[in-house]
2 protein chains.
Amino acid sequence: MRTGLNKEKIIRVAAEMADEKGAADVTFKELAERLGIKSPSLYKHFIGGLDELNKELMLYGWRLMDGEITKAVIGKAKDDAVIALCYAYRKFVSEHKGLYEVMQWYNMYESEEHQQASAGAVDVMYRALASYELTEEQKVHTVRLIRSFLQGFSTIEVNVGKDYPVPLTDSFDFALKTMLNGIANIQNIVQ
Amino acid sequence: MRTGLNKEKIIRVAAEMADEKGAADVTFKELAERLGIKSPSLYKHFIGGLDELNKELMLYGWRLMDGEITKAVIGKAKDDAVIALCYAYRKFVSEHKGLYEVMQWYNMYESEEHQQASAGAVDVMYRALASYELTEEQKVHTVRLIRSFLQGFSTIEVNVGKDYPVPLTDSFDFALKTMLNGIANIQNIVQ
DNA sequence: CTATAAAGCTAATCGTATTAGCTATTATAT
DNA sequence: ATATAATAGCTAATACGATTAGCTTTATAG
């Protein structure tokens, strides 16, 4: 019988599943169970199989994050904007560990598509830097620094056991200040 | 017949294989072929199967990197030490993309073991900071910043398509300078 | 020399992904 | 309204790698 499913609904369930059980445990078998259908039926929606689902999950994840960090930055400028963006990124990851794994993990394979998917989030970073007096090249460097840090920090935080006696949050703030300080002194930094 | 294999040799072949084909494509099937044995025989060396192999690969990778960055830092202090360490880390990743994937990827599951594996590399970072006038807490923050950046930057660099018109190397240097600048101004940064 | 452990092998099993082909339901064109 | 086509589901069968069971050969300790 018809269940009224479509790609979008399936992706949402798959994303939940990823967050609950980890990216590697999103199987067609269990996804189908959760949706109340049999696993071969999933091929009606994802002809490319598990691979296609993962790609769509990745795209979905980046769109979602894009939305979150965009909201966070609205009406803010300079340091306030950067700080808000970084907090929003970190919050997103903490709430979507599994989905974030897919966003990272799947990138190993389809880097072209991944590039485009994350372009939205990167673009928000550029806009957040608009209010600084920076050359285009300086903006590129800065975005790459912030992006690298956020990505690395998130990965570490998600998988870390202990953050005692020095809380990770303090280190996060420290890092933000260091980077903002770098932006402020950018003329002295770049030859 | 006896082939004279042992864990160490198998791991080395598996590491090569990871670098050639990517972490996800290290299968018992092909690994056995490369070693000239049948895949069930691998269980004589890795009772825990593919899982155990991956864990050992991860440990091997971190030991290897530990050695590399340790060498790089010898006889250097302060900024020179940090710069050398970061370059060595980046070089290691560029030469061991697949192995590095395993080092990252496997961490999702066994975070306790991963912690210990990467502890060596983290320790080298602490030593590299020894020559600065920093409190223990400041060192922790600094190590976490550098580590996050290196991890994020590496992941991005490995999977990125284009670094044109702004070369990634320039961004790497920019980031290093920004972070070193942050270390120099650390008193002003921490409240 | 012999007993035993180690390291290999073949054959069989398991689990998930995937494909093939069938059926009912929905949507659409006449 | 009705005939037709496309869609979304199903069952049965296949494929492929991981894994397990049980056998055999080779080193080696005593």
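We use all heavy atoms of the structure for the numbers below, so side chains are in, but hydrogens, waters and symmetry mates are not. From a predicted model like this one, the values you see are computed outputs, not experimental measurements. Just so it is clear: chains get the letters A, B, ... in the order the sequence lines come, proteins before strands, and each one is counted from 1.
Ranked by how close their nearest DNA chain D nucleotide is to the 5' end, A:Ser39 and B:Ser39 are led by A:Ser39. Place A:Ile37 and B:Gly49 on DNA chain D by their nearest nucleotides, and A:Ile37 ends up nearer the 5' end.
B:Leu50 has its CG atom 14 Å from the C1' atom of D:dC16, to the nearest Å. At whole-Å resolution of the value, CG in B:Asp51 and P in D:dG17 are 18 Å apart. The distance between atom CZ of A:Phe46 and atom P of D:dA8, rounded to the nearest whole Å, is 12 Å. The CD1-P distance, from B:Ile10 to C:dA7, rounds to 9 Å in whole Å. C:dC9 atom C1' lies 14 Å from atom CG of B:Leu5, rounded to whole Å. What separates CG of A:Leu42 from C1' of D:dC10 is a distance of 13 Å, to the nearest Å. In this structure, A:Asp25 atom CG and C:dA17 atom P are separated by 10 Å, rounded to whole Å. B:Glu52 has its CD atom 11 Å from the P atom of D:dT19, to the nearest Å.
From B:Glu56, atom CD reaches atom NZ of B:Lys7 across 4.0 Å, with rounding to the nearest 0.5 Å.
Between C:dC9, D:dC10, D:dA18, one nucleotide has an atom nearer to the side chain of B:Phe28 than all others, and that is D:dA18. Picking from C:dC9, D:dT20, C:dA17 the nucleotide with the shortest atom distance to the side chain of B:Tyr43 gives D:dT20. Distance from the side chain of B:His45 is smallest to C:dA7 among D:dC10, D:dT20, C:dA7. Candidate nucleotides D:dA18, D:dG9, C:dA17 were compared by shortest atom distance to the side chain of A:Lys29, and C:dA17 ranks first. Each of C:dA17, C:dT19, D:dT20 was ranked by its minimum atom distance to the side chain of B:Pro40; first place goes to D:dT20.
Looking only at atom types and distance, the side chain of B:Gln104 has a donor-acceptor partner in the side chain of B:Tyr100 under 3.5 Å away. Side-chain atoms of A:Thr155 and A:Asn159 form no donor-acceptor pair, as typed in the model, at a separation below 3.5 Å. Using a 3.5 Å distance cut-off with no hydrogens or angles, the side chains of A:Arg90 and A:Thr169 do pair a donor with an acceptor.
One donor-acceptor pair, N or O on each side, does fall under 3.5 Å between the base of D:dG9 and the side chain of A:Lys44.
OP1 or OP2 of D:dA8 has not a single side-chain nitrogen or oxygen of A:Ser41 nearer than 4.0 Å.
The backbone N or O of A:Phe92 lies less than 3.5 Å from no partner atom in the side chain of A:Glu95, so there is not a single donor-acceptor pair.
Here B:Thr27 lies in heavy-atom contact (under 4.0 Å) with sugar-phosphate atoms only.
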